[in-house]
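Accompanying notes for the structure given below.
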Amino acid sequence: MKMSKSKKNIVWEDREVLFDLPFNYLRLRLGEKVFDRIEPIEDTKGNSGSKGRLVVTNLRIIWHSLSSPRINLSIGLNCFISTSTKVVNSGLRGATQALYVLAGYGTNRYEAYAASRMYRDLKLRGPFINNKQLRVLPLEKICLVEHGLWNLSSESGNLGTMVVSNVRIVWYADINDMFNVSMPYITIESISIRDSKFGNALVIVIRPACGGYVLGFRADPHDRLGPLLKELQTLHQAYSEKPVLGVEMNWGCEISKPKQDELEELEEIGEPRGEMGPSLYLASQQSHNKEDMDVQPVYSSYLGLAIEPLKPGFTLKSLFEVQTST
């Protein structure tokens, strides 16, 4: 499936099911974390008989062929409807038990994942304010509370309070805290001060893909807006550099968390040409050999010298042919 729209700065990974993605869309976005990697894994439905790698992140699961990463699949966690196991006919193992994932755009979602959407989705008139107190999310820290800000969505404006955290900007009306809005930084396109019919106003522009709203706020006196703008822009920039997407893995003592240095290669899961060239192969080989530093060299008649043993299914000739092909 070809991409027809720009994905820059928009969280799409958790809400789309896409096949044969270009190299850039397999890179881990800022804030995307790898929970696990399993290989070899076979896609018995679409690529039976082809060995591949399954990568589980906090936004999606990715499968790609080991021999040709341009053959791949990205399933957003928000698209999951159910998982189960069933007996299938494998091209590698014959009749075997496999993980079966049913995904789509229905209303059913994983409960734990749906609960984290407050980190990524804009919400209007939501139950996130209780008795004029923000219901703080698990990874959220309140940075600033600004009273006496008028929301300019109506002709007369509504007086309320703005709560600023490390993941979002929340405003609620003082007389009715159910009149509110929660704006995660990842949904915000820009924050600025503009002139309005009420005088200078703090203007927050929401990305078109997230609703395209333009929200205005004013303060008395107006000189309060300058310091507030600077604070909001600083927090927005800090979030953009290190997003908090709200999905974490709680590793038990029985399961060891993958070492980060063993997963660095996943940031470039394939090469731009879409094939398994030497650079990706060597990164993968080094990852697998870190715990076994006593690997004995073997003689290569192809090169006429001693080398490290190759992974099963690879030859020096095939690696160099892929690298130099046009």
Side-chain angles (χ1 to χ4, degrees), residues 9-11 31 113-248:
N9 297 325
I10 299 173
V11 178
Y113 187 76
S116 72
R117 294 183 66 177
M118 289 297 296
Y119 290 86
R120 303 177 302 278
D121 293 354
L122 182 139
K123 297 291 183 182
L124 296 170
R125 297 177 174 85
F128 44 85
I129 301 293
N130 182 34
N131 293 326
K132 302 189 184 305
Q133 295 293 321
L134 176 66
R135 297 180 186 269
V136 180
L137 300 171
L139 302 175
E140 187 173 25
K141 298 178 181 178
I142 295 178
C143 304
L144 177 68
V145 177
E146 192 78 16
H147 299 282
L149 287 183
W150 293 82
N151 184 319
L152 305 181
S153 59
S154 64
E155 287 296 324
S156 59
N158 292 280
L159 185 62
T161 299
M162 179 175 287
V163 183
V164 182
S165 78
N166 59 322
V167 297
R168 56 179 170 167
I169 301 171
V170 175
W171 180 91
Y172 63 89
D174 289 342
I175 60 173
N176 178 14
D177 59 22
M178 279 301 294
F179 183 62
N180 56 50
V181 59
S182 172
M183 301 166 282
Y185 293 121
I186 203 163
T187 68
I188 296 175
E189 187 171 274
S190 66
I191 308 173
S192 61
I193 293 178
R194 300 182 189 176
D195 188 27
S196 72
K197 65 180 181 181
F198 298 98
N200 285 342
L202 178 74
V203 177
I204 300 176
V205 179
I206 304 300
R207 300 182 187 281
C210 303
Y213 299 101
V214 178
L215 297 99
F217 304 89
R218 75 173 176 87
D220 295 320
H222 288 167
D223 56 13
R224 292 174 54 198
L225 293 179
L228 178 59
L229 172 65
K230 185 176 180 180
E231 186 77 18
L232 295 180
Q233 289 178 334
T234 299
L235 289 168
H236 187 210
Q237 179 63 32
Y239 180 92
S240 300
E241 294 173 358
K242 192 175 181 179
V244 179
L245 301 177
V247 184
E248 298 292 317

Which heavy-atom pair separates Gly148 from Arg224 by the least distance, and what is that distance? O-NH1, 3.6 Å

If you take all heavy atoms of Met162 and Trp171, which pair is closest and at what distance? N-CD1, 4.1 Å

Audit row: Asp177, Thr161, side chain to side chain contact (heavy atoms under 4.5 Å, CB included) steps and yes/no: CA-CA 9 Å; Asp177 59 22; Thr161 299; over 6 Å; no

Partner set under side chain to side chain contact (heavy atoms under 4.5 Å, CB included) for Ser196, not counting sequence neighbours: Leu152, Phe198, Ala201

Walk me through whether Tyr213 and Leu124 qualify under side chain to side chain contact (heavy atoms under 4.5 Å, CB included). CA-CA 11 Å; Tyr213 299 101; Leu124 296 170; 3.7 Å; yes

For the residue pair Arg168 and Ser182, what are the closest heavy atoms and their distance? NH1-OG, 3.1 Å

Under the rule for salt bridge (charged side-chain N to carboxylate O under 4.0 Å, His left out), what residues qualify as partners of Asp121, not counting sequence neighbours? Arg15, Arg117

How long is the straight-line distance from NE2 of His222 back to CG of Asp220, given to the nearest 0.5 Å? 5.5 Å

The test is side chain to side chain contact (heavy atoms under 4.5 Å, CB included); show your working for Leu202 and Leu149 and say whether it passes. CA-CA 10 Å; Leu202 178 74; Leu149 287 183; 5.5 Å; no

Regarding Gln237 and Gln233, is there a side-chain donor-to-acceptor distance under 3.5 Å anywhere? no

Pairing residues for Asn151 by the side chain to side chain donor-acceptor pair (under 3.5 Å) criterion, not counting sequence neighbours: Ser153

N/O donor to acceptor pairs below 3.5 angstrom from side-chain atoms of residues 187-195, sequence neighbours left out:
{"from": "Thr187", "atom 1": "OG1", "to": "Pro184", "atom 2": "O", "distance (Å)": "2.7"}

Would Ile204 and Met183 count as a side chain to side chain contact (heavy atoms under 4.5 Å, CB included) if you check the C-alpha gap in whole Å, the side-chain angles of each, and the deciding distance to 0.1 Å? CA-CA 9 Å; Ile204 300 176; Met183 301 166 282; 3.9 Å; yes

Can you say whether the rings of Tyr185 and Tyr239 are parallel (under 30°), tilted (30 to 60°) or perpendicular (over 60°)? tilted

CG (Asn176) and CG (Asn158) are apart, to the nearest 0.5 Å, by 9.0 Å

To the nearest 0.5 Å, what is the distance between CD (Glu146) and CG (Leu228)? 5.0 Å

Under 3.5 Å donor-acceptor pairs involving side-chain atoms of residues 129-139, not counting sequence neighbours:
{"from": "Lys132", "atom 1": "NZ", "to": "Asp174", "atom 2": "O", "distance (Å)": "2.2"}
{"from": "Arg135", "atom 1": "NE", "to": "Pro127", "atom 2": "O", "distance (Å)": "2.9"}

Measure from the side-chain N and O atoms of Asn166 to the backbone N and O of Lys141, and report whether any donor-acceptor pair falls under 3.5 Å. yes

For the backbone of Gly126 and the side chain of Asn180, can you confirm whether one donor and one acceptor N or O come within less than 3.5 Å of each other? yes

For Lys197, all residues meeting salt bridge (charged side-chain N to carboxylate O under 4.0 Å, His left out), sequence neighbours excluded: Glu155

Nearest heavy-atom approach of Cys210 to Leu122 is O-CB, 4.3 Å

Considering all heavy atoms, the nearest Ile186-Arg207 contact: O-NE, 3.2 Å

